[in-house]
Protein chains: 2
Amino acid sequence: MAAPRKFSEDRLRAAALALVDEKGLAALTMRNLAAALGTGAMTIYNYVDGRDGLERLLVEAVMTAVRPVPGVPSPDWRADLRAVAEAHWRAFRAHPDVIPLVMTRRSLDLPTLAGAEDMLDALARGGRSGARLLIAFRLVSGFVMGFAQAELAGPLSIAPEETAEEVIARVRALPADRFPRLIEIAEAALDSGPEAEFHAGLDLIITGLTSG
Amino acid sequence: MAAPRKFSEDRLRAAALALVDEKGLAALTMRNLAAALGTGAMTIYNYVDGRDGLERLLVEAVMTAVRPVPGVPSPDWRADLRAVAEAHWRAFRAHPDVIPLVMTRRSLDLPTLAGAEDMLDALARGGRSGARLLIAFRLVSGFVMGFAQAELAGPLSIAPEETAEEVIARVRALPADRFPRLIEIAEAALDSGPEAEFHAGLDLIITGLTSG
DNA sequence: CCATATCACGTACGGCGTACGTAATCTCTT
DNA sequence: AAGAGATTACGTACGCCGTACGTGATATGG
């Protein structure tokens, strides 16, 4: 005893994600999404629990892209940890405008939890359990989140429509006697790129996990 | 040739911070802040560059609380790194509702940069420079940011008006065969507390920095 | 074939950021 | 002493936002 729904949830998700990827997070409004779907604003409420549900949908869409991580689990827990961490990071980078939502919202949905469990599984196979497992998890997931955030909003972050050269020009304009190290790493960042930095940081963590 | 200003910038900052600390980030509006100061909404625009400037003010207020870090610099770069990282983390935790702003906004203000330089200085005294310094910085600052985020929005985060016991009850309600490790660390989290986890994670990083 | 449950969505309201205009207030010049 | 000029205070109003509510359309079960 019902009328058929006009849109699938996938259609909703795709439209919302496209909206944010193209026009930024601020463009995520009920009216905008409805217009993109060619319908009225209130229709969205038949698919999503208000604004909050809309954001939830978006975060889930990004987190769903994390899994499955190919080749995981393997006998090499270190390789698995690297793979899972990188899968998260890649998913974030693919939709940078959603990162603020991922960072900010309390997400307890299945895709998010599954990604966490993947990471935990690799760490557990590295011989950790209980409190030591908790700490290792906090460390790795914190790094992944924080690294994504730093690229987006940190001192070396590159604004939309800005080039890496413009960033270093801005940093170089700082007083050199007060921020010598900041200037130094801004120059170093020109030659490395976030990919290499992410992997190197992760390797340092794995070194720490192995030694400690 | 001017009329005297009704409020000092400090007064603005304090009022904005109090508003957010007491009523949450959503309460940060021009009208609310003006009302708290007993004036009209448009008056705020004489002190701050629009909504964006208001948020900037708030982030700066939090970042200013990071420095100076007592006892830094000292001959022990490891102790200094710990102290600086912890100072950041403490400042974030003191105003949890501002964290989303800190995480989300591109902050290039002086207090933020000074905190970064402090961290870099400790790492540099540990014998790192150039690309290796950059990577170590990314690692540590990423961890600090990400750890704060995880406590706020991660799978083990505790919602406002929620207890740690309620969190583990919720986690325990998950299918145990699919999320065994998540359940394990949720139980472990009951005995440890974020303070100990933060320090232990940082120690793992320092171990990695020392070995690698 | 109609009763009924569901869906689509137009209207409207309160709150937001803020462009604009005006009145008030101080300082400096004469 | 008085007027000119600059600056601040802030009321009004507009176009957004999320969304409560109500109405008409639509497909299905009896």
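Chain identifiers are assigned alphabetically (A, B, ...) following the order of the sequence lines, protein sequences preceding nucleic acid strands; residue numbering begins at 1 within each chain.
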In whole angstrom, give the distance that lies between atom [atom1] of [X] and atom [atom2] of [N].
{"X": "A:Arg51", "N": "C:dC16", "atom1": "CZ", "atom2": "P", "answer": "16 Å"}
{"X": "A:Asp49", "N": "D:dA20", "atom1": "CG", "atom2": "P", "answer": "10 Å"}
{"X": "A:Leu25", "N": "D:dC17", "atom1": "CG", "atom2": "P", "answer": "13 Å"}
{"X": "A:Leu33", "N": "D:dT19", "atom1": "CG", "atom2": "P", "answer": "13 Å"}
{"X": "A:Leu54", "N": "D:dG18", "atom1": "CG", "atom2": "P", "answer": "8 Å"}
{"X": "B:Tyr45", "N": "D:dT12", "atom1": "OH", "atom2": "P", "answer": "17 Å"}
{"X": "B:Asn32", "N": "C:dG15", "atom1": "CG", "atom2": "C1'", "answer": "10 Å"}

Would you mind classifying the nucleic acid contact of [X] as base, sugar-phosphate or nothing, using non-hydrogen atoms under 4.0 angstrom?
{"X": "A:Arg31", "answer": "base"}
{"X": "A:Phe7", "answer": "nothing"}
{"X": "B:Thr43", "answer": "base"}
{"X": "A:Leu28", "answer": "sugar-phosphate"}

- Query: Does any N or O in the side chain of A:Asp80 come within less than 3.5 Å of the main-chain N or O of A:Ala122, such that one atom is a donor and the other an acceptor?
  - Reply: no

- Looking at B:Tyr47, does any N or O in its side chain come under 4.0 Å of the phosphate oxygens OP1/OP2 on D:dT8? no

- Presence of B:Asn46 side-chain N/O under 4.0 Å of D:dT8 phosphate oxygens OP1/OP2: no

- Would you call B:Arg90-B:Glu195 a salt bridge at under 4.0 Å N-O? yes

- Message: Any salt bridge linking A:Asp203 with A:Arg82? Criterion: basic side-chain nitrogen under 4.0 Å from a carboxylate oxygen.
- Response: yes

- Item | Cation-pi check, A:Arg138 onto B:Phe198 ring (under 6.0 Å, within 45° of axis) | no

